[in-house]
Amino acid sequence: MNEKNKDVRVRFAPSPTGYLHIGSARTAFFNWLYAAKTGGKFILRIEDTDIARHQEETINLILKSLKWLGLNWDEGPEVSGKYGPYRQSLRVEIYKKYAHKLIEDNKAYRCFCSPDLLKEERKDKADKKNKTVEEKSFKYDRKCLKLSQKNIKDNLDSGKPYAIRFLVPENKTINYKDTVYGDITVNTASIEDFIIIRSNGLPTYNYSVAIDDALMKITHIIRGEDHLSNTPKQILIYNAFNFNVPDFTHLPMILGQDGQKLSKRHGSISIEKYIEEGFVREAILNYLALLGWSYDEKTTIFSTSELIKKFELSSINKKPARFDYNKLLWINGYYIRNMDNSHLKQLLEKQMRNYLASKNIKDLENGVKQLDKKIEKIIPLVKERIKTLKESINLISPFFIKISYSDELATYFKNKKINTIDILNRVYKAISEVSDKFYVKDIEKNLRLISERLNLSFRKVAEVIRIAIWNSTISPPLFETIEILGKELTLKRIKEYIRIIS
RNA sequence: GGCCUGUUCGUCUAGUGGUUAGGACAGUAGGUUUUCAACCUACCAACAGGAGUUCAAUUCUCCUACAGGCUACCA
């Protein structure tokens, strides 16, 4: 394998049966990274040969998620390329043509057996208590290989449906080297004559994938470990046509927190969901990169451009990785904290506007016009307090949306030994006396003075103020919060809280 | 059932024929502080089990256990 090879061609070949899954996203990303690193081409191919399962809309969802991640493709849907079409459903004639060539060469044959019957035979064999491997073998018995020319002709003439099976060479050893898993050796004795073209004329996976990868001149196949066992079959197809066999790199599986295969019951598994939850692009890519790959013994944060430089297929590991939502959260928080304010502002303002729209909230206490201006000042207060963009809503909305005190906070000071109303009156006065420029420094000075005068720790005073102006025992830093709220609104909330607890 | 693959702290991982087995997340304790975060410090915590090779094995070999994948006219 030559890393400097400019002719590298890799592909991501999703089956459009749902959203872009987190595991598929990693596969796509690793392919993309390898292409970026080597200056090769990243090809996108849609594997939609299973009519029953594929859904048209999901193709767009997948493309959308890939674009959001920034994994742009050089050839594929929407951009085309010289090895198209890039949808398997549009390549059916190609698969048929090659399959018939195999029949002519006696490397494949027509099978007229009924699928239902085969299924039953297989079941019988599984149930048998026979001891020999032969007797329990699930392999197809090659009934149709033994058919005479006349039989075949009669069947064809009568229009009997048939599938095409690949004639697997007997007792041959297939050997290949996987970048991650090393030398893999399989004997053809364990492989049955698998179907390559179904009776409905559509190809099966192991066949079409090999034909396409060969025809599209794919040089490196990077995909999930679930395909490791399929690889020998595909090599058989390559060999039957004398195609060049590409390099294989299988990626360890991604499991859920419980160690089971990642599925819907593990919560969010689609990229789309993560976008909704407020994860940022670079954080997701960074986390994905760490699932099955590592650079050294200490680095965990990698920008995408660093990944392009540092990524190596040879340092991918074999062990299946559990998806650790907590770590993703941490990485996301890290990216938010270190993001530049103007970029963060764009993202948060969008979040906020979407939120207001979704809740149909119109009467903002500070007015929508101020959202844009104020959010700029809010950013530094929230950026190290959120792990997702979505969480910012809780911290930002009280600046704009009228608060209504919860029962718990309305009675919060009832049994406490402090004179809440006295404190609030003093606060009201102190805030009123701050000059109209309303500097944080002045606000802080005046408020601290209250605790000094009352000989009360400032945290007690702060708690009272916090609940009054924020309806919560936690808030962004108090003085800055008051500054951004503005004199008028701060006083209004204090007055309101006094009224409620009086 | 057959075939293929894997197994280092709870999690992601680094690592080597001789190391106090390293880092990160999580957890715990403390510091800072107007709350919450962030930040800083410390602590907790792992080589699946058994044989063999070797002066020495977490590292090499074999077996067992466990886990995952494939075994479809799914991909």
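Quantities reported herein were computed from a predicted structural model and do not represent experimental measurements. Sequence lines set the chain letters: A, B, ... in the order given, protein chains first and strands last, and positions in each chain run from 1.
Contact annotation: A:Thr49 reaches the phosphate of B:A75 (side-chain N/O to OP1 or OP2, under 4.0 Å). Remark: A:Lys298 is not in phosphate contact with B:G22, judged by side-chain N or O atoms under 4.0 Å from OP1 or OP2. At least one side-chain nitrogen or oxygen of A:Asn317 sits closer than 4.0 Å to the OP1 or OP2 atom of B:U13. Remark: A:Lys233 is not in phosphate contact with B:C70, judged by side-chain N or O atoms under 4.0 Å from OP1 or OP2. Residue A:Gln260 places at least one side-chain N or O under 4.0 Å from the OP1 or OP2 atom of B:G68.
A:Asp340 is linked by a salt bridge (charged side-chain N to carboxylate O under 4.0 Å, His left out) to nothing, counting only residues two or more places apart in sequence or in another chain. Remark: A:Arg91 pairs with A:Asp212 by the salt bridge (charged side-chain N to carboxylate O under 4.0 Å, His left out) rule, at least two apart or across chains. Checked against side chain to side chain contact (heavy atoms under 4.5 Å, CB included), A:Pro252 has the following partners two or more places apart in sequence or in another chain: A:Arg26, A:Tyr181, A:Ile316, A:Asn317. For the salt bridge (charged side-chain N to carboxylate O under 4.0 Å, His left out) test, no residue two or more places apart in sequence or in another chain qualifies with A:Glu297.
The nearest whole Å value for the distance from the CG atom in A:Asn326 to the P atom in B:U11 is 13 Å.
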Would you tabulate the side-chain donor-acceptor contacts of residues 449-464 of chain A under 3.5 Å, counting partners in other chains and residues two or more places apart, or write 'none'?
| from | atom 1 | to | atom 2 | distance (Å) |
| --- | --- | --- | --- | --- |
| A:Ser451 | OG | A:Arg448 | O | 3.0 |
| A:Glu463 | OE2 | A:Tyr412 | OH | 3.0 |

*What does nucleotides 34-49 of chain B look like as a protein-contact string, B for base, S for sugar-phosphate only, - for none, at under 4.0 angstrom between heavy atoms?*
BBBBSS----------

